[in-house]
Amino acid sequence: MKIIGSDPPRWADKLLSWFCKDEVLENVQGDLHELFQLRVQRVGLKKARLLYVRDVVSLLKPRLIRNVQRPGAFVQYGMFKNYFRNSVRVLRRNALFSGINITGLSISMSVAILMVVLLTELHSFDSFHEKKDRIYRVITFKRALLQGEAELNATASHYIGDRIAAEVEGVEQVLILDRKMNADFRSIDTAIPVAGYYASPTFFDVFSFKLTRGNPARALENAGSVVLTASTAKKLFGDDDPINKTIVVEANDDFRLGVVTGLMEDPPLNSHIHFEVLVSMATVEQSPVERRRKSGTNPGNYAQSYVYVVLKKGAKPEDIDGTLSEMMSIHNASSAPLTLSLQPLKEFVREEVGNAPGPIFSRRKVAMMMALSVIVVLSACFNYSHLSLVSALRRCKEVSVRKITGAARSHIFIQFITESFVVSFVALIIGVGLFLLIKSEFLRLPDLTHSGRPIFHLALTPVHAGIFLLLASVVAIIAGFFPSLILSKLKANTLITDVGKHKFIAVLSTRHVLTAVQMTLSISLIMCAVILFKQYKFVLNYDLGFETHKVLNVRVDPKDAEVLENEFAAIAGVEATSRSAVALGTRHLIPADATTDSPQDTLMFSANYVDDKYLAMHGFKLIAGSGFSKPLSDSTSDGIIVNANFLKSLSLGSPEESLGKQIWYFGERKLKIQGVVQDFVSHSLDAEAPPAFGFLLGDSHDMGVLGVKISEDNRLATLQALERAYQKVDPVHPFEAAFYDDQIATTYAESMATYKIISYLAFLAISISALGMLGMAAFTVETRMREISIRKVLGAGGNSLFYLLSKDVFILILAAGVIAVPSTLYLVDHVMLSEFIYRIDHSIIDMFSGLIAMLLIGGLTTACQMRVAVLRNPAEVLRKE
Amino acid sequence: MKDTNLGAFEELVLLAVGSLGENAYGVSIKEALEAKTGRLPSIGALHSALYRLEDKGYLKSAEGGATAERGGRRKKFYQLSASGKRALQAAHELRMAFSSRIPGFKLSNQRS
């Protein structure tokens, strides 16, 4: 008898009916209930329920469990072949849609591939060093006093390196590199300029560069020892063995004669530090000039050397940071404070620091590029989702038939996912091809890192293949998931009936969202490209206040300069020459300070050493006083020519009043104001510089830039003549000359690179959106063919048809514009252009450029498809009804 | 004497079914086993064995006997099929073949 009110636990019952096989369920469950009732009488309700649960658990036997679709039973191999073949057929049949999808996806994949290859290579920087986990660099932080000066520097003082080596416990090795190693090396046959470092003997203990000849422990021990890189050795000695050969050194204060003690492989491309030679540190330490200079004992002299340390196993960098600040405390008490810290090896190329020995590709840049690539890829995925969803609606009949003949929901899903995989992998292959095309363009981008050398190989390796497959799969899933899901969920009978009538409400609004998102991105990117382009052009054409056209700047060795100037002046086509220390407007400046007689007034300003012809040749207009005249003897002149801002900052009165007034230069040299020029742009437009400026009459050995004004006729002949004349005088150094205008353009190289990247991406975005809109228009026309024909019959003209077809698209574009325009403006002004001081105002056209472009494209694609519609004979279309 | 591939528990289950005649279903089989062996077979093991034996063809089943205690669910009554009987026979003979040779064993029903 059943006791009313006592029941086995409901949840256990439900669980049982969930997992148990259907044919067994009834009698098993019945047995359990019967037992339950018996137990209630024998041992009570609580125990009976417990035992019930135990029994349910005991029934979890494989033989008794419901046959859930086990992976093996999912889809057999034969079905996959079928899906694959089907996908290929589908692609061939809908050539237009397939083409659009594949093109869009492959374009975006090429971008993604570029990012992947770039990132993997970036990651591999310096990975060849054995002790890479324990190598750190001492970096110096100083609050920047001059704009454009870096606050964080990769350098540190020689002094601190010595102290660390002597006192700090947790440090195994210390390596100091000195940057002063620039000279001309002369062998028996040739002479070449070389750049490198003075290095302490621990170099090969710290870094794992390979020494092919010579003893790594002893090669840098003695003064005068030189280690050559393979390519440098080849230039100096050809194929001969360079070991023990002598090198005559010129143009270097510390170093006269060297002996080659080692030969090493060139530093690989993925090294953070590059050099051509290494000279032993002992050489500079023992030179008489250095003994006077004593730079090695000054803690404030931090910009000349790099200090690397290898920590002992288990030592913690944070502990050493504290010791470092202790060591600097005496110096910091009396001078501008310097904060030192340890930088781990993997940050060497990732953190933005000044005075880096090689390329830097900062996290910020990488993040920006990644964000942009992700945007492009997602854009293409959206496109694919949208288009395949929409084109799949045309295949409802096919889906219905499949379902009726027995396909399960999962089978339909797999079929469509297979299609998206096929498309994705085809796109991958094409994408790799596209990548190889854009690779060389990318590598040629104006030097992103100011290091003057290529940073990346961007070579494809087998490792990449795996990542690419993964990428293609992810794209396939993102793009294909949604349409496959929708289609598999549709009920068979509703599909067979008229497609046109079936409104997928949810789908429709999702489609609109997809399109709108794409539009927003495209509008955004186009706007960025246009605005950046305008800014770049503006900056290039900005009137700097002095003349740069027709001027060629030649780098000269100051001791040859006078001879060269005379030689050049004799060449036909040369209109004028002048000399200076730096070329203004190209980020090179000489920082200086000036004080008046009331010592509280100190002005930081920028200076240039020039000769007497400089101001005239570059068109500087004097508003008071006179220019420099040729010095009569070798005595240094005491005149300074300043700009109007200089006067204002030091309250020296009007230009006329200020003439003859005296200022102290660096607190030690007295200068008289000789003339005043109008304000001009002395620095590059994207960094602030002290607006006060002063020209000083330079000594011969200060001025290494020879400006030559060349007439525009027969330029090439003039250039060649200049080169020949130069090589007669200075056969060692290569002829380095650049047009002033080009030099200025190069300083904006980084902006140019950014601009190129953005515009490429904008182009991609436009292409993808255009493709998307084309597909949409095609689909709209096709499904509304009947409606169009009827309207035509009733007398509608081209215009009203166009309006009808394009209404939806235009509304979406406008909506996207509302979101995109203000947010992009904000982004551009506050993030991208924030470094430019002189900025062009955005015209209305610029602001709405993206929107207008999208509207145009929308209009064009609709018009294209409309032609198709309009040209069809309505009678033929309606005949089928 | 063929080997019948019959596990010890399965053999017991067949024997229990045989001994219960018309009234062999889940609960009754379980109780019969409990009474004879003194151990409690788990309902999962029992039903698993019953399912397997029916699959092998040693048992046949029929539905019926719904009661209120069972919430209106029917019982599945099992009976030995012909091959089931043969299998039991074979198993029994196998045991006999060995045990009759063991000196000093006194078994009931022993053929001398």
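Order of the sequence lines sets the chain letters (A, B, ...), proteins ahead of strands, with each chain counted from 1. Since the model is a prediction, treat every value here as computed from it, not as a measurement.
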Roughly how far, to the nearest 0.5 Å, is the CG atom of A/Leu51 from the CD1 atom of B/Ile43? 11.5 Å
With a 4.5 angstrom heavy-atom cut-off, is it the side chain or the backbone of A/Leu60 that approaches chain B, or both, or neither? neither
Given that the side chain runs from C-beta out, which part of A/Val28 has a heavy atom under 4.5 Å from chain B: side chain, backbone, both or neither? both
Please round to the nearest 0.5 Å and tell me the distance separating atom CG of A/Asn27 and atom OG of B/Ser61. 8.5 Å
Should the pair B/Arg70-A/Asp31 be classified as a salt bridge under the 4.0 Å nitrogen-to-oxygen rule? yes
Looking at A/Ser58 and B/Gly44, what are the two nearest heavy atoms and their distance? OG-N, 3.1 Å
Any donor and acceptor pair, going by atom type alone, linking the side chain of B/Glu69 with main-chain N or O of A/His33 inside 3.5 Å? no
If you count the non-hydrogen atoms of other residues, nucleotides and ligands that lie under 6.0 Å from CD in B/Glu22, is the total more than 12? no
How long is the gap from NZ on A/Lys21 to NE2 on B/His47, to the nearest 0.5 Å? 14.5 Å
Answer yes or no: is there an ion pair linking B/Arg73 with A/Glu26, defined by an N-O contact shorter than 4.0 Å? no
Which distance, rounded to the nearest 0.5 Å, do you find between the CD of A/Gln29 and the CZ of B/Arg74? 13.0 Å
Using the side-chain contact (heavy atoms from CB on, under 4.5 Å) rule, take B/Asp55 and A/Arg63 through it: C-alpha gap first, then chi angles, then the decisive distance, then the call. CA-CA 11 Å; B/Asp55 236 13; A/Arg63 195 163 297 145; 5.9 Å; no
Drop me the distance from A/Lys61's NZ to B/Ser48's OG, to the nearest 0.5 angstrom. 6.0 Å
Check the surroundings of atom CZ in A/Phe84: do more than 12 heavy atoms from other residues, nucleotides or ligands lie under 6.0 Å from it? no
When you look at CZ of B/Phe9, are more than 12 heavy atoms from neighbouring residues, nucleotides or ligands closer to it than 6.0 Å? yes
